[in-house]
There are 2 protein chains.
Amino acid sequence: MASLQKPFDVERFFQALADKTRLRLLNLMCDQEICVCYFVEVLGQPQPKISRHLAYLRNAGIVTARREGKWMHYRIVAPPNAGAARVLQEILDWLKEEKAMQADRTRLTRACCAPQKFVTLQNAPQPATIEANTAVVLR
Amino acid sequence: MASLQKPFDVERFFQALADKTRLRLLNLMCDQEICVCYFVEVLGQPQPKISRHLAYLRNAGIVTARREGKWMHYRIVAPPNAGAARVLQEILDWLKEEKAMQADRTRLTRACCAPQKFVTLQNAPQPATIEANTAVVLR
DNA sequence: TATACATATTCGTCAATACGGATATAATGA
DNA sequence: TCATTATATCCGTATTGACGAATATGTATA
């Protein structure tokens with residue numbers, strides 16, 4: 001029974017990483033669970049597009065989702081393959097160094113810490129309030 | 001003038017890694033320059049297919065080629081982006097742990113060390129003879 | 001120059017994916 | 001139950017990439 005899990009799909013893993021939007025999403029999730037509405041706000045792109053890319057990451061086994069009322073929270077999960085997990089962590093560390101990715105995270109912080117500036121997000125759950133019990137553990 | 005180089009294409013980088021054949025090629029090149037004829041021999045796949053994948057890796061800036069008479073030698077080059085270089089090295093380390101990749105390298109060693117078993121490769125240049133001055137330096 | 005050998009490219013086809021736009025589903029609250 | 005909000009999926013289309021088969025290019029050698 002325990003051996004019924006399909007082997008790790010390396011091609012799918014890298015395909016999932018081969019898209020700018022998905023890398024931006026991963027960067028925003030790099031150390032906390034994030035609500036879809038923030039992705040839409042921060043990336044400034046159509047909600048269906050964000051949702052499709054999140055579904056792609058989910059199917060690739062790189063993120064997982066948790067529902068909280070109307071909101072869906074996504075977070076990164078460590079791949080079952082140890083090597084893949086190491087590579088993913090290295091990628092996240094790399095993204096953190098990129099200017100454009102830092103800018104995204106800055107916008108995320110602004111959206112979370114000053115929600116009054118985003119009228120449509122006034123009631124959206126903030127990452128900080130749920131970070132503690134859903135922190136990503138890749139290492 | 002020095003700023004005319006185009007920025008590193010992250011999508012292209014990961015697209016290049018999102019193919020089993022290309023990962024097998026990179027694995028074979030992980031610590032030495034390799035002749036195309038060995039790729040064809042070790043992977044047991046059509047020469048045009050190998051050549052196309054090598055061209056893809058070349059266009060992505062992950063490998064470079066050197067001609068030596070009729071033979072073409074390919075080797076991995078460090079990406080200009082430091083983060084990408086670290087990620088690539090982590091990926092190569094990961095590949096080394098995979099059973100199928102180890103089997104490929106074993107077949108490569110056999111092809112190089114016992115060339116008499118491969119009639120069509122009798123005169124092919126062996127990686128060991130040129131390894132010293134073309135070693136990959138990612139770290 | 002003609003031939004053989006190693007490698008690269010082209011062509012046609014098929015599958016996968018990205019996208020915008022429209023719509024469907026799920027949860028909440030009046 | 002109906003409306004609203006948040007998110008997901010579907011549809012048609014355009015692009016990209018992988019493949020086998022055929023062919024072209026480059027190099028050495030007779």
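Numbers restart at 1 for each chain; the letters A, B, ... are given by sequence-line order, proteins then strands. These figures come from a predicted structure and were not determined experimentally.
- Atom-to-atom, CH2 of A:Trp71 to C1' of D:dT7 comes out at 12 Å; the value is rounded to the nearest Å.
- The base of C:dA6 has none of its N or O atoms less than 3.5 Å from a complementary donor or acceptor on the side chain of B:Gln47.
- B:Tyr38 does not carry B:Arg107 over the face of its six-membered ring by the limits of under 6.0 Å from the centre and within 45° of the normal.
- Close to D:dG17, at under 4.0 Å from its OP1 or OP2, lies no side-chain N or O of B:His53.
- With rounding to whole Å, A:Tyr56 atom OH is found 18 Å from D:dA8 atom C1'.
- In this structure, the nucleotide among C:dC5, D:dA18, C:dT7 sitting nearest to the side chain of B:Val36 is C:dT7.
- Picking from C:dT7, D:dT9, D:dA21 the nucleotide with the shortest atom distance to the side chain of B:Arg52 gives D:dA21.
- The side chain to side chain donor-acceptor pair (under 3.5 Å) test with A:His53 is passed by exactly one of A:Arg24, A:Arg58, A:Arg22: A:Arg22.
- The aromatic rings of A:Phe13 and B:Trp94 sit perpendicular, their planes meeting at an angle over 60°, well past the 30° parallel limit.
- Between B:His73 atom NE2 and C:dA6 atom C1' the separation is 11 Å, expressed in whole Å.
- Separating the CZ atom of A:Arg12 from the P atom of C:dA15 is a distance of 17 Å, rounded to the nearest angstrom.
- Within 4.0 Å (heavy atoms only), B:Phe39 reaches no atom of the nucleic acid at all.
- Spacing between atom NZ of B:Lys49 and atom P of C:dT7 amounts to 18 Å, rounded to whole angstrom units.
- The distance from atom CD of A:Glu68 to atom P of C:dA26 is 19 Å, rounded to the nearest whole Å.
- Nearest-nucleotide positions on DNA chain D for A:Leu54 and B:Pro46 put A:Leu54 closer to the 5' end.
- One can place CD1 of B:Ile50 at 12 Å from C1' of C:dT7, the figure rounded to the nearest angstrom.
- Between C:dT7, C:dA22, C:dA8, one nucleotide has an atom nearer to the side chain of B:Arg58 than all others, and that is C:dA8.
- End-to-end axis angle of the helix from C:dT1-D:dA30 to C:dA30-D:dT1, from C1' rotation axes over five pairs per end: 0° (rounded to 10 degrees).
- In the set C:dT7, D:dT7, C:dG21, C:dT7 carries the atom at the smallest distance from any side-chain atom of B:Ser51.
- Residues from residues 13-23 of chain B that place a heavy atom under 4.0 Å from any atom of DNA chain C: there are none.
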